[in-house]
Structures are given as C-alpha cells and as structure tokens.
**Student:** 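Dropping a structure here in structure tokens format, bear with me for questions.
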There are 2 protein chains.
Amino acid sequence: MSPSSSSDILIRKLQTISDIREAEIAVLKSIPIQEKDFSANHDLVREGDHPVYSFVVLDGLIGSTKYTSEGKRQITSFFVGGDIPDLHGLHLSVMDCNFSTLTPARVGFMRHDVLRSICDQHPRIATAFWRSTLIDAAMYREWVTNVGRREAYTRMAHILCELIFRLRAVGRIQDHIADIPITQAALGDALGLSTVHVNRMLQELRREGLIATTGSRMHAIDWPGLTHAGDFDTTYLHQKNPAD
Amino acid sequence: MSPSSSSDILIRKLQTISDIREAEIAVLKSIPIQEKDFSANHDLVREGDHPVYSFVVLDGLIGSTKYTSEGKRQITSFFVGGDIPDLHGLHLSVMDCNFSTLTPARVGFMRHDVLRSICDQHPRIATAFWRSTLIDAAMYREWVTNVGRREAYTRMAHILCELIFRLRAVGRIQDHIADIPITQAALGDALGLSTVHVNRMLQELRREGLIATTGSRMHAIDWPGLTHAGDFDTTYLHQKNPAD
DNA sequence: CGGGGTCTTGAGCTCTATCAATACTGGTGG
DNA sequence: CCACCAGTATTGATAGAGCTCAAGACCCCG
C-alpha cells in the first residue's frame, strides 16, 4: 500500500465533504490514532455501549447493524475508508446500534475527549464532523426509501451504486471495479432480503450486462445502466465535487 | 391554547434531550421565530432546495419524505412539536429530501445565519443542536430496521409506539391517547406498505385489544402489549429521562 | 484431501400488493 | 336541515414478489 497514514485517510475524506484549510489539517494530523486490525464479522461497538472512542475506517467495510427481537439483522449503512461510523457516539451517551466489520478491516481509534476539545477550539473542524454525521443521516434516509419503496432488483442495483460511488469518491478504486469480499448474506441484511433472493437479483444484474463478478471482485460493466437500474442519484451523498 | 410561545416549545424539547442552563435559555429565547400555519400535505422544503431557514414544529405532524423515480413516496421520519426537522440543512447546502405537513401544522422559521452565529458563540447550544440531528439519525436507523426486517403487523405497532411515546415525551398528550389526523395512506408511506394492508394491520391491532380508534383519535389501550407487539425499545430515541 | 462457509438451484408457500367495488365521514352550498 | 361531494376507510378476490426449506455445487484454507 502507499504510505498514506491514518491521518491522511481521515483528512482526505473530510476534504471530499467540506472545506478544510492548512491550519485545520495540522490539527487533524495531531490527533492520536490507535490502529487495529479485525477479521470479518467482528463487533467493534455494541448496542448499549458507552464508548469513549470513535474510530475511522482505514481499510475494509464496516456496517452499522441492528437486531430485531426475532434475531433478524438489519445493516443500516455501510462505511468505507475515511468514514467515522460512530462519530454519533460523541454526543449520544448510549449506542443504539452495533458497528461491525463486514470484511476484514483496519480501523483507527480516537479518544472522545480529544475530539471534543478539538471541536471546542476549531469550529471549522467541528462543523466538518457535524456535517459528516449529517451525511450519514442523509444516507440513512435514502436507505429507508430504498428498503421501503424499491423492489428487490432496483434495491440491489442501488446499493451497489452507492458502494462503488463512495469507494471511488475516496479514491479506493479506479473505474468501476471494486474488490469487496462482502457475502451475499450481508447484502441481504442491508437490503432486507433473503440470501436466496440476493443471489437471484445479482444473477439478473449479470444477465442484463450491468455487472460482472469474479470472486469478490465486483465490476460495474455498464455504470450508466446500473445507476439507471438502481434509481441512483448522488445528491444524498453530499459530495463537495460531485464527479460522475 | 396555553400561552406557550414558540420559544418555549423549542426549549422544552431541547431540555428533553440535553442539559440546557439558564444562560442558554435566554439565548434561545432571543431567536426570532416567524410562525406560519399550513394545511395538510404541504411541502415546506423540497428536494434540491438551498434553504436559508430551518423550522421548529409548533403543532401538527411533519414528515421527511423522498420519492422514487416511479413516484412512490417514502416517509423517512415523523417530526412532532419541538422538533427541528430540517436542522440538517444548516450544514447541508442542498436538501436531499422533502419536509411536508402530514396534518395541518404550525411551524416557526428561524434564519440559518442566526442559528450559525449562536452555535459559534454558545458551544452548549451547538452541541444540543448537533445532538438533535444525531437523534434524528438514530431514528432513521431504527426505521431502516423497522421497514427492512419487521413484518407488517410488528412494523405498524412499532411506529404507533414511537409516535405516542414521542408525543408524550414533549407533553403533547396524556396517558396513551393521541389525536393525530394522519391518513392510513400516509402511514403506508411511512411503513412501506399499501394502504389496504395498513388498514388490515390496524384492524388486527384493534382485534387484539391493543389499540382503539375513534375518528383521528388513537388510543393505546394496552401500552405494554403494544410495545411488545411492536418490538419497541426506547433506547434509540435518546431521551434524557427515559420515563415509561 | 477434507470441511466449513458460501453460492446456486428448485419447489412450494406466505405475505403483501393490486384491483375494484362499497361504505363512511366531514365539510359545502342551497 | 338536507343533499352532495371528495377524500378516506373498508372489504373481497386475485396475483405476484419474495421467503423458506432443502439439496447440491463450489471454493478457499488448513
């Protein structure tokens, strides 16, 4: 991998969503980040926790998950490199969801007290962090819509669009080829679908010539076609420079 | 109506979710709030707007809504008295959803520049506002789960629990009787269900002795039973004093 | 060369949507 | 006060999307 430090990953991400100047970059670089590796399907934060750290995703895919009393799992959002999934915990004393690795992942922990004092002293950074959580909220809104009102085929296409677009936005992938070792079961938990039906929808997307998969590599062969099939509009991701 | 001003409604709500002191109350009271009445099904904010105001709900029910390209509507969250639904717009230049009245409603508009300067000068208020948006996000997460992984009957019960609990939390209703003139079609849009099925689920809840309805009045006869049927746990609402 | 996890396939069934008709309800004007 | 009307609620019947169950194929890894 290139010599991008955990700070660089964090800063790069914040720059895609807000205006960060030299002064703030220096401050962000000063945040101590404790890196750690995890295997897939590991709970980093659990419902009911009172965390004193937030973490930035350095590599891999993280999901925020909730369980119904029947034990069914719902993934409510994905988080990719640079994202700070549980930044929400900074001002919510109790966690209302879990954050789990969906693939092997590397994350960097940052102390809440450090983050809070930085927010107090650097309003532009505070705003950037706040904005980051607002974008999370916008994604949740889109997911409610996706799960509530789109049929399985469209829903599947939509989530693939979001994943690929976000990975591109933070420079993790080129073109529209993503290497994401996510299981079809996890996709089902994100879409509110059974594993079997996920499988069939992926087949249909392949049959339509929109995607191709080899192992865990997902290739959006026909990106315009996929975005159309997925009813995908990037507005809700609130990128500063909406390429694509 | 009692002589509670729009400021009082806002302050009362913020006190249910965070610690507000005398000093901040005075500041909040100084915010100019322009009140306005709307009939049901009126768009207060539309997707694509670049709003310069946020509004506080003074009376009635507001929904954040999105439409798929097929024209299907999804309500992604409800907002009751005291809530500031589009506070998210303070740091998101483009709106990614609509905010519409679901019942006749009274709202109070507050200028963004005023809110921003208050946030800059009063970090505790900034935190309270931020926290308010984080709680919105937590509700969105719960809604993803509700729509994605609960079956219609449970889903219906859950949303009724949320509505009633939140109305109680801000002192709009006593006991568990809510007067909400929301249509079954709107409930369907919130739950990702057809109107017909909403109707049948409500009937089943009545048959089970959990609720009773007379006109627009919704009475949770058996609150413990309803929360159980709805798999409802209040954690995600992040009340400071979780009564009930 | 296993073996556990994942993917794929088939068949039957359930939940929920759709369509269509009928009742109700509150508000309106005569 | 009543007749009317639009919107809403209710009901029945049918269709379809997606689930469940179960079995087999595949694939990576030790």
Side-chain angles (χ1 to χ4, degrees), chain A residues 39-42 61 68 70-74 100-104 146-160 179-207 211-218 229 231, chain B residues 39-42 61 68 70-75 100-104 146-160 179-207 211-218 229:
Chain A
S39 57
N41 276 93
H42 184 272
L61 190 66
T68 69
E70 290 193 320
K72 292 182 182 168
R73 180 171 83 153
Q74 176 71 43
S100 314
T101 58
L102 301 177
T103 68
N146 202 35
V147 171
R149 285 303 192 198
R150 294 199 182 101
E151 55 182 31
Y153 178 78
T154 314
R155 212 186 292 180
M156 184 80 233
H158 190 281
I159 217 172
L160 294 179
D179 195 4
I180 323 163
I182 186 178
T183 64
Q184 294 182 1
L187 281 176
D189 286 345
L191 295 166
L193 294 174
S194 69
T195 309
V196 171
H197 209 58
V198 165
N199 185 283
R200 291 186 168 128
M201 293 303 102
L202 285 173
Q203 286 178 51
E204 201 167 327
L205 287 169
R206 284 193 288 253
R207 209 178 312 132
I211 65 170
T213 56
T214 47
S216 63
R217 172 155 289 147
M218 166 79 55
D231 190 17
Chain B
S39 57
N41 276 93
H42 183 273
L61 191 66
T68 69
E70 291 193 319
K72 292 182 182 170
R73 180 171 81 153
Q74 175 71 45
I75 299 176
S100 315
T101 57
L102 301 177
T103 68
N146 202 34
V147 171
R149 285 303 192 198
R150 294 199 182 102
E151 56 181 28
Y153 178 78
T154 314
R155 212 186 292 180
M156 182 81 235
H158 189 281
I159 217 172
L160 294 179
D179 195 3
I180 323 164
I182 186 178
T183 64
Q184 293 182 0
L187 282 175
D189 287 344
L191 295 167
L193 294 173
S194 69
T195 310
V196 171
H197 209 59
V198 165
N199 185 283
R200 292 189 166 124
M201 293 304 102
L202 284 173
Q203 284 179 52
E204 200 167 328
L205 287 169
R206 283 192 289 253
R207 210 177 312 129
I211 64 170
T213 56
T214 48
S216 63
R217 172 155 291 146
M218 166 77 58

**Student:** Look at the side chain of B:Ser39 and the backbone N and O of B:Pro104, then say whether any donor-acceptor pair between them is shorter than 3.5 Å.
**Tutor:**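 Checking the backbone N and O of B:Pro104 against the side chain of B:Ser39, no donor-acceptor pair under 3.5 Å is found.
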**Student:** What integer distance in Å separates B:Gln203:CD from D:dA9:P?
**Tutor:**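 Between P of D:dA9 and CD of B:Gln203: 12 Å.
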**Student:** Rounded to whole Å, please give me the gap between CD in A:Glu70 and P in C:dC15.
**Tutor:**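 Taking CD of A:Glu70 and P of C:dC15, I get 12 Å after rounding.
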**Student:** How many Å lie between NE2 on A:His197 and P on C:dG10, as a whole number?
**Tutor:**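 It is 15 Å, rounded to the nearest whole Å.
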**Student:** Just how far is it from atom CD1 of A:Ile211 to atom CD of A:Gln203, taken to the nearest 0.5 Å?
**Tutor:**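 Taking CD1 in A:Ile211 and CD in A:Gln203, the distance rounds to 10.0 Å.
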**Student:** Expressed as a whole number of angstroms, how long is the span from A:Arg200:CZ to D:dC21:P?
**Tutor:**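 My rounded result for the distance is 14 Å.
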**Student:** Tell whether A:Arg155 reaches the base of D:dG18 with its side chain through a donor-acceptor pair below 3.5 angstrom.
**Tutor:**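 No.
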**Student:** Quick one: label B:Gly188 by what it contacts on the DNA or RNA (base, sugar-phosphate, nothing), any heavy atom closer than 4.0 Å.
**Tutor:**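 No contact.
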**Student:** C:dG26 P sits how many Å from B:Arg217 CZ, rounded?
**Tutor:**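 Nearest whole value for this atom pair: 13 Å.
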**Student:** Identify the heavy atoms of A:Thr68 and B:Arg149 that sit nearest to each other, and give their distance.
**Tutor:**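 So the minimum-distance heavy-atom pair works out to CG2-CB, 3.9 Å.
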**Student:** Which nucleotide sits closest to the side chain of A:Asn199: C:dT8, C:dT16, D:dT11?
**Tutor:**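 Selected nucleotide: C:dT8.
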**Student:** Does A:Arg206 or A:Arg149 map to a spot on DNA chain C nearer the 5' end, using the closest nucleotide for each?
**Tutor:**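 Looking at the nearest nucleotide for each, A:Arg206 comes out on the 5' side.
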**Student:** Could you give the CE-to-P distance, from A:Met156 to D:dG18, as a whole number of Å?
**Tutor:**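 Result: 13 Å.
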**Student:** Search all heavy atoms of A:Gln74 against all heavy atoms of B:Gly148 and return the closest pair with its distance.
**Tutor:**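 Where A:Gln74 meets B:Gly148 most closely, the heavy atoms are OE1-CA, 3.4 Å.
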**Student:** Considering heavy-atom distances to DNA chain C, does B:Val198 or A:Gln184 have its closest nucleotide positioned more toward the 5' end?
**Tutor:**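 Final value for this comparison: A:Gln184.
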**Student:** Measure from CE on A:Met201 to C1' on D:dC19 and round the result to the nearest Å.
**Tutor:**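 Those two atoms, CE and C1', are 12 Å apart.
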**Student:** Between D:dT11, D:dC19, C:dT16, spot the one nearest the side chain of B:Glu151, thanks.
**Tutor:**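 Nearest listed nucleotide: C:dT16.
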**Student:** Rounding to a whole Å, what distance do you find between A:Leu102:CG and C:dG5:P?
**Tutor:**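 The answer, rounded to whole Å, is 18 Å.
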**Student:** Would you mind telling me which of C:dT16, D:dA9, D:dG18 lies closest to the side-chain atoms of B:Thr183?
**Tutor:**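 Comparing C:dT16, D:dA9, D:dG18 against the side chain of B:Thr183, the answer is D:dA9.
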**Student:** Select one nucleotide: of D:dG12, C:dT16, D:dA9, the one nearest the side-chain heavy atoms of B:Val196.
**Tutor:**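 Comparing D:dG12, C:dT16, D:dA9 against the side chain of B:Val196, the answer is D:dG12.
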**Student:** Give a yes or no answer on whether the side chain of A:Arg155 reaches the backbone of A:Leu191 with a donor-acceptor pair at less than 3.5 Å.
**Tutor:**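 Between the backbone of A:Leu191 and the side chain of A:Arg155 there is a qualifying donor-acceptor contact (under 3.5 Å).
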